[in-house]
Amino acid sequence: MSCLKPEGREPLLAKHGAPDFNAFDVMQPRAPGAIPAELKNGGRVKSNGAAPAGVYLPNNNILTPAMRSPDYVQMSTAAAITLGVMPGKMHRCSCTRCLNLLLTYPEGCRANCAYCGLARHREAERDYADRNFIRVDWPAVPMAEIVEIVAKDGDKSPFHRMCISMITHPNSDADTVSVLKRWTDRIDPSAIPISILSNPTTMARSDVANLHDLGADIFTVALDAATPEIFERTRGKGVQSQHSWKKYWEILEDARDIFGPQKFGAHIIVGMGESEHDVLSLVQRLVDMGGHSHMFCFFPESGSLMDHLPATPRDQWRRVQLGRYLIDYCGVRVDAMRFDNHGRVIDYGMPKAELDAIIDAGIAFRTSGCPGKFADDISACDRPYGDSPPSNIASYPFQPNKKDIAKIRTQLAIRKAH
Ligand code: SF4
C-alpha cells in the first residue's frame with residue numbers, strides 16, 4: 001500500500017496561455033445529485049449489519065462493517081503506516097509526526113462541502129469508510145488499539161502531536177470528548193499535545209471550553225473558504241449544506257478567548273476562486289487576533305463536487321505560501337505588500353536579500369499546520385501529498401532540498417540576487 005496515487009488533474013500552466021490563478025467564475029462546483037432513499041444515512045451499511053472486526057482497510061469489501069466513534073476512528077494512510085497498522089512506504093518521507101484521528105460513523109458526515117471527498121452526496125456511490133479524503137484512503141482502527149500502541153511506545157513514539165478531526169454529525173461533540181478522554185487516560189497530553197480540528201456548526205462556546213479543560217492544546221477551525229461568498233458557494237446553501245460563515249467565526253473567536261494566543265487557528269484552502277489579496281488579508285486578520293493559518297492548495301478530489309476543476313496553479317500557490325509565511329512568522333504586514341489588479345502579489349514588502357534567505361530556508365513551502373517538537377514554524381501535521389501528487393508537490397512534507405528550491409524559485413519567478 002502506498003500514499004502515492006496516479007492522478008491526471010494537474011494545475012493549468014500559465015506558460016501554455018492559461019491564467020496563473022483560479023478565478024472565481026471558473027471555480028463553480030457541480031450541483032449535488034439526488035440520493036436514492038435506501039442509500040441515505042449509511043443505509044447500505046446498516047442493512048448489511050456486519051459486526052466490526054479490527055482494523056478496516058478501505059475497499060476491502062463493499063459493505064463496510066458498522067464502525068462508529070468513539071470505539072472506532074479513521075486515520076490517514078500516512079498515520080496508519082507510521083502507527084504500524086498498515087504496511088506501506090511514503091515518497092521521500094519516513095513517517096508523519098501527527099496522528100490525525102477522524103471521527104467515523106456509518107452514516108458519515110452530514111455536510112456537503114463541494115471540495116470534500118467525505119461529503120454527503122457521495123452516499124449515492126460510496127460507503128463512508130471507503131471514501132477518499134485529501135487524496136488518500138482513511139483506514140478505520142479501534143480507538144483502544146491506537147491508545148495501546150502509543151502508550152506502549154512511550155518516549156519512542158514517532159508522533160509529536162495527535163489531532164481529533166470532527167465531522168458534521170449529531171454525536172460529534174460528545175464523541176470528541178470521549179475520544180479525548182480515552183487518549184488522556186493513558187497518554188500524557190504534555191508528552192504528545194492534542195489539537196482539535198473542530199466542526200463549529202454543531203458546537204457552542206461551552207464545548208470549546210470543555211475541550212480546553214480536558215487537555216486539548218490547540219483548537220482550529222476548518223474555515224477552508226477564504227471569503228464569505230466562496231464559503232456559501234462551497235459549504236453553504238450553494239451545495240445544500242448547513243455551514244455558515246458567521247457561526248464559524250463565532251467559534252473561532254471563542255477559541256481565541258479560551259485557548260489564547262498562538263493556540264488557535266484556521267485552515268484555508270487556496271485556489272477556490274479568491275484572490276491572493278483576499279487570502280493574505282485573511283491570514284493577516286488571524287495573526288492580528290493572535291492565531292495562525294494552516295493552508296492547503298486546492299486539489300480536485302476525486303468524487304467531490306469540484307473534481308472537474310483545475311488544481312491551483314503552482315505560481316499562485318507559491319506566492320500565497322510565501323506571503324502567508326512572511327505574515328505568520330516574519331512580522332510582514334499585508335498592507336506592506338503590493339498586489340496587481342487581479343490581486344496577485346507583486347511585492348512582498350521585504351528587502352530582496354532577506355526574501356532570498358527565507359526562500360532558500362524552504363520552511364515557507366513545507367506543509368503548514370500545528371507545530372511539532374522541532375520548531376514553531378515546522379508543522380507536526382505534514383499530511384504527505386494531501387494537496388498534490390508527489391510528481392508536482394504543492395506542500396512539501398519534508399525539508400525541500402536545493403533542487404526543490406530551484407523549482408520553487410522558477411514557480412515564483414524570483415531569481416536569486418548575486
Ligand atoms: S464538514 Fe468537513 S468532513 Fe464534512 S463535508 Fe465538510 S469538509 Fe468534509
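Every number for a ligand or one of its atoms is a count from 1 in the order of the listing. Hydrogens, waters and symmetry mates are skipped; everything else that's a heavy atom, side chains included, is used.
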As a quick check of understanding, evaluate ring-ring contact (aromatic ring centres under 6.0 Å, His included) for Phe264 and Phe219, giving each step before the final call.
CA-CA 5 Å; Phe264 72 95; Phe219 187 98; 9.2 Å; no
Quick one: look up the protein heavy atom nearest [atom] and list residue, atom name and how far away it is.
{"atom": "atom 6 (Fe) of ligand 1", "value": "Cys113 SG, 2.3 Å"}
{"atom": "atom 4 (Fe) of ligand 1", "value": "Cys109 SG, 2.2 Å"}
{"atom": "atom 8 (Fe) of ligand 1", "value": "Cys116 SG, 2.3 Å"}

With the threshold set at under 4.0 angstrom, would you say His243 reaches ligand 1 through any of its heavy atoms?
yes
Check: [X]/[Y] side-chain N/O donor and acceptor closer than 3.5 Å:
{"X": "Asp307", "Y": "Ser304", "value": "no"}
{"X": "Arg318", "Y": "Gln321", "value": "yes"}
{"X": "Asp175", "Y": "Ser172", "value": "no"}

Which of the atoms of ligand 1 are close to Thr168, meaning less than 4.0 Å from one of its heavy atoms?
1 (S)
For Arg235, the ligand 1 atoms whose distance to one of its heavy atoms is below 4.0 Å
1 (S), 6 (Fe), 7 (S)
Can you check whether Gln242 reaches Thr168 side chain to side chain, under 4.5 Å on heavy atoms?
yes
